[in-house]
2 protein chains.
Amino acid sequence: MRKPDRLSSQPLYQQIADDIERRISYGEFPPGSLLPSERKLAEQLGVNRSTVILAYAELRSLGIIESRTGSGTRVSKYKWGAMPKHTPNWHRYVEGGSFLPNLPFLRRIREALQKDKALIDFASGELGADLSPVKEINTLLDENHYTGYLGYDNPQGFVPLRETVVSYLKQYRGIQTTESSILITSGSQQSLYLITQCLLTPGDAVAIEDPSYCYSLPMFQSAGLRLFRLPVDSKGIRPEDVRSLYKKHRIKMVFINPNYQNPTGVVLDAKRRTELLDVASELGLPIVEDDPFSLTAYDGTPPTPLKSMDAIGSVLYIGSFSKMAASGLRVGWMVAPHSVVERLADARQQMDFGLSVVPQQVAAQFLKSKYIRPHLERLRTNLLYKRDLLIEALQKELPDLVRFSIPQGGLHLWCRIIPEVNDSKLLEEAIRHGVIFVPGSVYGSDSGYVRFTFARPKPDEIVPGISKFASALRTILG
Amino acid sequence: MRKPDRLSSQPLYQQIADDIERRISYGEFPPGSLLPSERKLAEQLGVNRSTVILAYAELRSLGIIESRTGSGTRVSKYKWGAMPKHTPNWHRYVEGGSFLPNLPFLRRIREALQKDKALIDFASGELGADLSPVKEINTLLDENHYTGYLGYDNPQGFVPLRETVVSYLKQYRGIQTTESSILITSGSQQSLYLITQCLLTPGDAVAIEDPSYCYSLPMFQSAGLRLFRLPVDSKGIRPEDVRSLYKKHRIKMVFINPNYQNPTGVVLDAKRRTELLDVASELGLPIVEDDPFSLTAYDGTPPTPLKSMDAIGSVLYIGSFSKMAASGLRVGWMVAPHSVVERLADARQQMDFGLSVVPQQVAAQFLKSKYIRPHLERLRTNLLYKRDLLIEALQKELPDLVRFSIPQGGLHLWCRIIPEVNDSKLLEEAIRHGVIFVPGSVYGSDSGYVRFTFARPKPDEIVPGISKFASALRTILG
Ligand SMILES: Cc1ncc(COP(=O)(O)O)c(C=O)c1O
Ligand SMILES: Cc1ncc(COP(=O)(O)O)c(C=O)c1O
């Protein structure tokens, strides 16, 4: 809702009532739907609760809304529905669909970030404005006319981008492939989604890392997959665990993020890589290698991808523009056998009719441009700098209360909180202190961890952010 | 595969063999997978079949591929798989996923268009390069820096675009809404997809028009929905049919495209609109109004949308940038109760993490710019001109063999072929004659129709295109 204008001559409560009435009449809140509680709305609009009470009273007196003790304030059915007309029971539709909603913690984080722009953000898993090549991308947009035809794009993705990705993969990742084995997607997220929807079927068993990337967990569940976990230790997952999951559950696919894993930052050990490929080829088991972070390697030498060692074609490889440059372009790529690429491209036509050509053109230009090497250089240096700021701050503020390994690449630090704390309490207390992070339990079975993304906050926010976090933690510990 | 270079000193067959070997080694064709037949590959590469025979013989002699009579040519497992290693059985994965592939006719059309760039294209349902505001969009890209931060976008879509869409809907469609009731999507296609995935559940019954938009049929089926059909006559669907489907099958949603319907071009009659809304409110039944074509109204007065008459909020409204300007930006919008918008936005995060900011910015700028009115003016005039070219050509070439109503808006002409013909034969014969269209059976239960999209071919292709079509039809009729 719109914040009332304090300079207006109209009373605040009246402005609020008018705004709500307008929204109801447009259908934003259908008859019968629940309005925010007085407390919540007051908080959201930055007014006293009594102002909202007055606004609701006004609307009640007009018969527009009704309140019943214990069941909140709802849009009146009589006024708007003029029985016997029925608005669809949207609530039932919203609750009834087969696709699962996101994890509650993530929705809470999104809401908090939208409400309070001043929060220091260790939660959003992406590069901050200081690390994205915004200037370079603007220059490319200026210099290059989009001259082509603006029709539906090729279902596998913009051909010049696919060609550029082929050279990029050869040069930066040691992966040999051809343009017809490439599918351009809306980030790695869409690659993961298409794989779960098109190559697997409800009831199939798959293996994922524990802990692992939180935005893929409900997606796997929505696809009806049975999830089995591969514990990540300091050297990554153990290949024997893959074999035993296969024996026990006939897993049909393995999803891993072997390079600076999200959230742990761990790199899969070289010996384990070879063993994993051996297990995969022994069992005819596909491995999905999700590789968004490699180029952030702080020492400039990214780990060798599984795909480049994959002699017999067990690996589906996924890359992304998001973590090396800009998540807001929504450009990622998958390398897969041609039959797989065709199948996924065809399904994607039915989901969204393919990607916009414009960001694909920008990504292609950037990957080929003279800007990329200096950008990556700067990205690595600045990530390392931010990582060190974070580590020093944690060591200074919470020397006895946290423990962590030092990541050598990636955007995140995975931090153990030594005393036992309740995730939800810690998160709420941190938000109250002006700082936000992702509770570790979101990523899997471990509790007592926090993921700090140091790539996102500005450099001068990191030290104050950790000091706010430390106060929050100490408040919880009492 | 890559066409061999006729100027190279290396023999053609050798170049082909090398290219195939390279592709196999990169994993594009995994061990055990089928290669194209000699005939098909020769056609694809524009060489004699004997050249391909030589190339395959070369690869066979190296143990790289194997041919067995009756089962085609496959990549050798021994050479590449070095048993007992197993490549994943990709074929089983590709066939096994739960999402359905597209209709065979559509895949055939895509393939034919990719192979023969000279085909006159009455099949692709979009604006041709002559009708898209490519120049205007390039100017906007030049004039406006993308200054913002390139991070993940707001899950509901770029806020300035949502605000622009609110004014656009008010001004052009008579729809009152607010920015928080808007979800920006990858075209209307993604709105339809999100609705089927998130608000419905496998086994639910829904009603769709017959004939209706072909790219949504397999999508409905992939969502496990039971489809019931509403026949479209010259005034659109009949509201009584909705009521009786509800009584018989408890349909949970109605999907319609009331303005210049794809494929028939029909506009839902004004009286039927009121009746349909009455039926919907009587039954509490949601109506999805898919409205991509309205602004093409040749007389400049688009039909009134159902949504603008929807007093109690029965309608989910879907609009798109595709058919009024450029499908390649992939920008569409949905207007829905806030709880629905939130639910779909949340699910979309898991599917593709939202849309790229860049095309959303371009669309917002275009919708607000001084270019939009002249563009729409020009679009209407030119569509009308192309429609008339098509009609005259059909009347001249096939006066006794076809029958159609004259559309007053939209991109398509729905054309009855009076003598009985086999859809597939007619399509193949037309392709041989250098022209392509969509067979009517793709859209539903009627056969003996053809959809001609006159928006896509260049004006000077329309007359020759119909003359090729006429020859093809006469060939079939013998
Ligand atoms: C491991 C991993 N995979 C995939 C993604 C999805 O990112 P995108 O779709 O922007 O490439 C993320 C984002 O945080 C990630 O951490
Ligand atoms: C009726 C109808 N709805 C939706 C679409 C999807 O178009 P887009 O996703 O480009 O908006 C089309 C495209 O042909 C259509 O004809």
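Both backbone and side-chain heavy atoms feed into the values below; hydrogens, waters and symmetry mates do not. Numbers restart at 1 for each chain; the letters A, B, ... are given by sequence-line order, proteins then strands. What you are looking at is a predicted structure, and each value in this text was computed from that prediction instead of being measured.
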Could you look at [X] and say if it's the side chain, the backbone, both or neither that has a heavy atom under 4.5 Å from chain A?
X      : result
B:K135 : neither
B:L344 : neither
B:S322 : side chain

Close approach to chain A in residues 188-196 of chain B, criterion heavy atom under 4.5 Å:
B:Q189, B:Q190, B:Y193
Taking only residues two or more places apart in sequence or in another chain, which ones pass side chain to side chain donor-acceptor pair (under 3.5 Å) with B:D346?
A:N102, A:R110
Please flag which part of A:D204 lies under 4.5 Å from any non-hydrogen atom of chain B: side chain, backbone, both or neither.
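Contact with chain B is absent: no heavy atom of A:D204 under 4.5 Å.
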Proximal component of A:R2, with respect to chain B [non-hydrogen, under 4.5 Å]
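Nothing of A:R2, per the 4.5 Å heavy-atom cut-off to chain B.
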Measure the shortest side-chain to side-chain distance between A:Y93 and B:V340 over non-hydrogen atoms and say whether it is less than 4.5 angstrom.
no
Below 4.5 Å, heavy-atom pairs only: which of A:T178, A:T201, A:L34 has the largest tally toward chain B?
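The candidate making the most pairs under 4.5 Å is A:T178.
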For chain B, which candidate among A:T139, A:V335, A:L100 shows the most heavy-atom pairs at distances under 4.5 Å?
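Most pairs with chain B among the choices: A:L100.
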Main-chain N/O of A:E95 paired with B:R343 side-chain donor or acceptor, under 3.5 Å
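Checking the backbone N and O of A:E95 against the side chain of B:R343, no donor-acceptor pair under 3.5 Å is found.
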For A:Y26, all residues meeting ring pair (Phe, Tyr, Trp, His ring centres under 6.0 Å), sequence neighbours excluded:
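Ring pair (Phe, Tyr, Trp, His ring centres under 6.0 Å) check on A:Y26 returns nothing, list empty.
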Cut-off 3.5 Å, no hydrogens considered: what does the side-chain donor-acceptor table look like for residues 126-134 of chain A, sequence neighbours left out?
| from | atom 1 | to | atom 2 | distance (Å) |
| --- | --- | --- | --- | --- |
| A:E126 | OE1 | A:S327 | OG | 2.5 |
| A:E126 | OE1 | B:Y152 | N | 2.8 |
| A:E126 | OE2 | A:R456 | NH1 | 2.7 |
| A:D130 | OD1 | A:K386 | NZ | 3.2 |
| A:D130 | OD2 | A:K386 | NZ | 2.9 |
| A:S132 | OG | A:A325 | O | 2.6 |

